[in-house]
Amino acid sequence: MKLTIGRKDKADFPELKLTNISCKIDTGAFTSTIHSHDIKEIIIDGEKYIEFQLLDPSHPKYRDEKLKTKNLTKKNIKNSFGITEERFVIKTIIKIFENEYPIELSLSERSDMKNPILIGRTLLNNRFIVDTDQYNLSYKLKQQKRKNKNK
């Protein structure tokens with residue numbers, strides 16, 4: 001059964017230590033994206049990694065922490081202007097509606113965007129129906145369950 005998701009929601013990314021982070025749901029985007037900066041390839045013990053930072057210092061959930069991973073690929077991805085860019089894509093987990101799903105996130109500079117994360121069709125397909133009149137459905141469910149648990 002497909003879950004209904006709204007135009008925006010808040011999700012957790014446990015491996016990235018991000019909780020209740022704002023996400024825009026975008027059926028026009030194939031790949032999901034996370035705002036990142038200072039992205040660079042590095043070599044550790046002869047193996048290629050990428051190092052990057054998430055969010056901006058002005059974001060309330062920003063941590064001045066450099067993340068490293070070798071669980072990545074490079075892909076050509078069309079940006080919002082239709083221009084193809086080569087981006088690093090990391091594999092991680094998203095937790096939404098209390099379920100964990102594997103997700104690929106392209107690393108991209110999104111400082112001009114309202115939401116640091118864009119959720120694309122790869123995650124949405126065969127799992128969710130998008131209702132553009134709704135928002136934060138997963139987050140509201142999470143809050144309600146937490147409230148009921150504390151009763």
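The analysis underlying the following values was restricted to heavy atoms, covering all of them including side chains, and did not include hydrogens, waters or symmetry mates. If you're wondering where the values come from, they're calculated on a predicted model, not measured in any experiment. Residues: numbered from 1 along the sequence shown.
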Test salt bridge (Lys or Arg N to Asp or Glu O under 4.0 Å) applied to D26 and R121, step by step:
CA-CA 7 Å; D26 187 351; R121 292 190 313 269; over 6 Å; no
Between F97 and T4, the two heavy atoms sitting closest are CZ-O, 3.2 Å
For I93 and E15 the tightest heavy-atom approach is N-OE1, 3.4 Å
Do any N or O atoms from the side chain of [X] and from the backbone of [Y] form a donor-acceptor pair under 3.5 angstrom?
X    : Y    : result
D131 : G6   : no
S32  : I119 : no
R127 : M1   : no

Worksheet entry | S106 and T33: side chain donor to acceptor below 3.5 Å | yes
Whether the K61 and N20 side chains hold a donor-acceptor pair (N or O, under 3.5 Å, no angle test) is what I'd like checked. no
### Message
Would I90 and N71 count as a side-chain contact (heavy atoms from CB on, under 4.5 Å) here? Give the steps.
### Response
CA-CA 6 Å; I90 62 170; N71 191 8; over 6 Å; no
Tell me whether the count of non-hydrogen atoms from other residues, nucleotides or ligands lying under 6.0 Å of NZ in K24 goes above 12.
no
Any side-chain heavy-atom pair of [X] and [Y] under 4.5 Å:
X   : Y    : answer
H35 : E109 : yes
V89 : L72  : no
I5  : L3   : no

Spatial distance of atom [atom1] ([X]) from atom [atom2] ([Y]) [nearest 0.5 Å]:
X    : Y    : atom1 : atom2 : value
I94  : I117 : CD1   : CD1   : 7.0 Å
L67  : S36  : CG    : OG    : 9.5 Å
E85  : S108 : CD    : OG    : 5.5 Å
K142 : L137 : NZ    : CG    : 14.0 Å
L123 : T31  : CG    : OG1   : 11.5 Å
I34  : C23  : CD1   : SG    : 8.0 Å

Would you be so kind as to tabulate the donor-acceptor pairs closer than 3.5 Å made by side chains of residues 40-55, with sequence neighbours excluded?
from, atom 1, to, atom 2, distance (Å)
E47, OE1, K70, NZ, 3.0
E47, OE2, K70, NZ, 3.3
Q53, NE2, Y62, OH, 3.3
Q53, NE2, D64, OD1, 2.9

The ring-ring contact (aromatic ring centres under 6.0 Å, His included) partners of Y101 (sequence neighbours excluded) come to F128
Is it the case that one hydrophobic cluster holds both [X] and [Y], taking links as side-chain heavy atoms less than 4.5 Å apart, direct or via other members?
X    : Y    : value
I25  : I103 : yes
L124 : I96  : yes
F88  : I77  : no

Stepwise side-chain contact (heavy atoms from CB on, under 4.5 Å) test for I21 and H59:
CA-CA 10 Å; I21 192 87; H59 194 280; 3.6 Å; yes
Salt bridge (Lys or Arg N to Asp or Glu O under 4.0 Å) filter on K145, not counting sequence neighbours, yields E98
| task | Verify side-chain contact (heavy atoms from CB on, under 4.5 Å) between K2 and I129, making sure each step is shown before the conclusion. | result | CA-CA 6 Å; K2 293 181 184 179; I129 295 171; 3.9 Å; yes
- Just checking, K140 and Y135: is the charged tip under 6.0 Å from the six-membered ring centre and within 45° of the axis? yes
Exercise for review: Let me see the working for K74 and R87 under side-chain contact (heavy atoms from CB on, under 4.5 Å), right down to the final yes or no.
Suggested key: CA-CA 6 Å; K74 275 187 180 179; R87 293 186 194 165; over 6 Å; no
